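First up is the structure itself, then whatever we jot down about it.
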There are 2 protein chains.
Amino acid sequence: MQKHISNVDSAPKENGDKTLSERTTTALREAIVCGTFKAGEKLNEPKLATQFNVSRGPLREAIRRLVSMGLVEYTPNVGAKVIPLERARIIELYEVREALEGMAARLAAINMTDDEINELKKLLEIHHQHHENNAGEYMQADGDFDFHYQIIKGSGNELLTQQLCNELYHLIRMFRFQTSRFKTRSDQALVEHQQLIYAIENRDPGLAEMLMRRHIARAKQSIKAHLLSEET
Amino acid sequence: MQKHISNVDSAPKENGDKTLSERTTTALREAIVCGTFKAGEKLNEPKLATQFNVSRGPLREAIRRLVSMGLVEYTPNVGAKVIPLERARIIELYEVREALEGMAARLAAINMTDDEINELKKLLEIHHQHHENNAGEYMQADGDFDFHYQIIKGSGNELLTQQLCNELYHLIRMFRFQTSRFKTRSDQALVEHQQLIYAIENRDPGLAEMLMRRHIARAKQSIKAHLLSEET
DNA sequence: AATGTCTTGATTGTTGACAATACAGACAAT
DNA sequence: ATTGTCTGTATTGTCAACAATCAAGACATT
């Protein structure tokens, strides 16, 4: 049965995607993140190559990149499969996030320019509006991403930014797609974001880190509870 | 001028290295980490393929993997080059380490078994012996790695372990190779390791994290000072 | 019936050739 | 002299065919 991916061009164009293998990577990544390929599903090279309208070379490259991003598992001579996102792994993901984004907030409190902080404030304001207008919930996920993204960038640490935005980011997205049934605690999150901005504005690295870590730890606890309550 | 890498087989055999591209990855990685290829040096595909005695396919795979490990920079249609380890990047590396290994120590204090803790103690004892016998310095680098490695594994967080041991680890090694001229503060480190074990043994996650972070932050400061004093 | 071996089909690993792109040097124009 | 364009060469991107490996089912043996 043919999936809804006739070729690579159906993927979102990302500005840096010049070569075929890069476009294939993006296309395959989105397909996995969005659940077109189910968790644990085998990735057959010739079949996928046909679907994406490329030869096996670029496709293999794409698979390798997704392996290094943690979205795909690989066994030599056996093949690739979409990573099965078990409970344990999700908790692990949030623990790593807590560590890295905590550090990002600390560094952001030191390195962010005043302009960048103002941008952050504007962003929060927009989210606030949305929350009031649309009775919460809606767009919260993307909004949350934007906010965290700006702080990460504001850290000024390129390695950290890369680790979070290029590697872990897509894992988080994938998880969110699979668990969109969970309500996002959007009003709570807004308050926490607000506090975080204060800490950064006051150039208090310790507080910024602590608040960010609590923000993420709280999300982790919330998810943990949800996952347990769903246990069969 | 021919380098001292006639083919892939000269690389250290790592148990999981079955396929040619995996062996090539290991070989190329070691060559880069150990400085056979200088920082910033261009990696020419046909030339390297000849040197390693493989075709361009596996070699390209190897390069891609090293890109995702941060050892190699890549520009489409231009090619790959060994990452130039500038001062800024080294500091960044230690900031990320501080965050991740801090979290590892925290989790280790929670999750490590008593047996694992005993192993850690034995390891420290061995390092202590070496320090007294060999008037310090010697073997400190590897010893330090072993110690940190066991704590990371002891965290029980696979994602964290992978990030540290498969990605950042080799960057650190590469940096150490380039700066072996720096004296390692080995007696200081031993004391800090000792304290860390206490914290883990007493199941004090907060203290364990704090000590690990200080341990790494101190190393960062030491390196910072060295780098500044070398400024031309 | 259960276990072990063999064979077959499918899938991955590797290769070398060809196409597309970028870089360097020569040359012309201002 | 400097800038811009062009051309040839080198390098990377892509492909399709071939070799090596693995997984599953048939068959024989205990």
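Since this is a predicted model, take the numbers as computed values, not measurements. Keep in mind that the numbers below use all heavy atoms, side chains included, and drop hydrogens, waters and symmetry copies.
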At under 4.0 Å between heavy atoms, which parts of nucleotides 9-16 of chain C does protein reach? Answer with one letter per nucleotide, 5' to 3': B base, S sugar-phosphate only, - none. --SBBBB-
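- The stretch residues 73-84 of chain B participates, sequence neighbours left out, in no salt bridge (Lys or Arg N to Asp or Glu O under 4.0 Å) pair at all.
- Residues M112(B) and E119(B) fail the side-chain proximity criterion, which asks for heavy atoms closer than 4.5 Å.
- At a threshold of 4.5 Å between non-hydrogen side-chain atoms, the residues R65(B) and S21(B) count as touching.
- Side chains of E61(A) and T24(A) form no contact here, defined as non-hydrogen atoms less than 4.5 Å apart.
- The C1' atoms of five pairs define one axis at each end of the helix from dA1(C)-dT30(D) to dT30(C)-dA1(D), and these two axes lie 20° apart (to 10°).
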Between Y149(B) and Y169(B), does a ring pair (Phe, Tyr, Trp, His ring centres under 6.0 Å) hold up when you go through it step by step? CA-CA 9 Å; Y149(B) 185 70; Y169(B) 171 70; 7.2 Å; no
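- With no hydrogens or angles considered, no side-chain donor-acceptor pair links H127(B) and D144(B) at under 3.5 Å.
- Under the 30°/60° scheme for interplanar angles, the aromatic rings of F147(A) and H193(A) are found to lie parallel.
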